[in-house]
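One-based numbering, in listed order, for ligands and for the atoms of each.
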Amino acid sequence: MTDKCIGCRLQEGSFEVNGGFIHESENFNVIQDWIVPIPGFMVIQSKRHLIGVGEFTEQEHKEFSTFLYEVRKAMKDVLDIQTVYLIQEEDSVHFHVWLLPVYHWMEKGIANARKNCYYARDNMNTEENMKKVNECIQKLKDYFKEK
Ligand SMILES: [Zn+2]
């Protein structure tokens with residue numbers, strides 16, 4: 001077994017997630033969260049192992065805001081997601097930003113974000129909901145392919 005972090009393993013392809021990479025730039029890519037089946041729950045990750053924005057190279061720094069914009073705009077235009085919470089934890093492993101959609105069934109507020117995710121993880125792994133999750137992945141992939 002490798003002692004590489006899970007983010008690095010995902011980047012090198014030794015660990016695969018449902019739907020795979022939805023969109024990518026030179027230094028970042030985006031996936032559907034693979035633990036929490038909330039439709040349109042996107043996670044942007046760096047290809048290189050790093051923890052926080054402060055470690056970005058000049059190139060990563062320039063690229064990131066465009067990439068974040070593209071993903072968020074796609075969520076809005078293609079999936080009609082009006083509100084998201086952006087979350088990035090520098091005490092986690094491997095740089096990733098959660099773009100957590102806010103749905104009507106959720107308790108509002110960033111303090112409830114984890115609770116909502118746990119709820120989804122424990123209760124939404126149904127065939128019907130996974131169909132929605134996969135439809136969102138496919139719509140986003142189609143959108144980015146046409147760009
Ligand atoms: Zn890593």
Side-chain angles (χ1 to χ4, degrees), residues 1-79 81 83-103 106-107 109-126 129-147:
M1 267 308 279
T2 171
D3 58 0
K4 280 182 183 165
C5 91
I6 194 155
C8 285
R9 283 170 49 212
L10 197 142
Q11 292 302 320
E12 72 184 16
S14 63
F15 166 63
E16 286 183 14
V17 297
N18 179 34
F21 299 129
I22 292 167
H23 179 48
E24 67 176 321
S25 66
E26 197 180 325
N27 292 291
F28 300 95
N29 47 39
V30 64
I31 57 170
Q32 159 76 37
D33 189 285
W34 74 85
I35 298 168
V36 177
I38 292 173
F41 182 8
M42 295 292 108
V43 186
I44 294 176
Q45 307 177 108
S46 57
K47 293 187 180 177
R48 183 170 77 82
H49 184 85
L50 60 104
I51 300 297
V53 170
E55 293 168 55
F56 279 2
T57 62
E58 192 66 24
Q59 172 63 28
E60 285 163 344
H61 151 226
K62 285 180 182 156
E63 209 177 293
F64 183 71
S65 64
T66 302
F67 195 73
L68 175 63
Y69 168 78
E70 287 173 352
V71 172
R72 177 62 189 99
K73 185 162 167 50
M75 290 168 72
K76 193 178 183 86
D77 292 354
V78 181
L79 307 181
I81 293 170
T83 307
V84 308
Y85 294 153
L86 291 179
I87 303 166
Q88 200 264 320
E89 298 173 303
E90 292 195 345
D91 57 357
S92 181
V93 293
H94 203 105
F95 179 81
H96 62 286
V97 179
W98 285 357
L99 291 87
L100 176 65
V102 179
Y103 287 108
M106 291 178 171
E107 291 186 51
I110 201 78
N112 290 311
R114 198 167 289 276
K115 197 163 106 183
N116 291 325
C117 287
Y118 288 155
Y119 174 83
R121 181 196 63 188
D122 296 340
N123 298 285
M124 292 172 67
N125 203 359
T126 62
N129 184 61
M130 286 314 294
K131 202 171 147 222
K132 273 187 214 157
V133 168
N134 290 330
E135 277 170 9
C136 288
I137 291 171
Q138 196 53 52
K139 280 183 189 171
L140 289 171
K141 280 186 169 178
D142 292 346
Y143 169 84
F144 285 121
K145 212 188 312 169
E146 284 165 18
K147 282 192 72 163

request  = Starting from the Zn ion (ligand 1), look over the N/O/S atoms of His94 and name the nearest one.
outcome  = ND1
request  = Check all N, O or S atoms of His49 and name the one closest to the Zn ion (ligand 1).
outcome  = ND1
message = Test side-chain contact (heavy atoms from CB on, under 4.5 Å) on Gln88 and His96; report intermediate values, then the result.
response = CA-CA 6 Å; Gln88 200 264 320; His96 62 286; over 6 Å; no
task = Indicate the atoms forming the closest heavy-atom contact of Pro39 with Pro101, along with that distance.
result = O-CG, 3.7 Å
ask   = Any ion pair linking Glu63 and Arg48 (charged N to carboxylate O, less than 4.0 Å)?
value = no
inquiry  = Does the plane of the ring in Phe144 sit parallel, tilted or perpendicular to the ring in His23? Use 30° and 60° as the thresholds.
reply    = parallel
ask   = Given atoms SG of Cys8 and SG of Cys5, what angle do they subtend at the Zn ion (ligand 1), to the nearest 10 degrees?
value = 120°
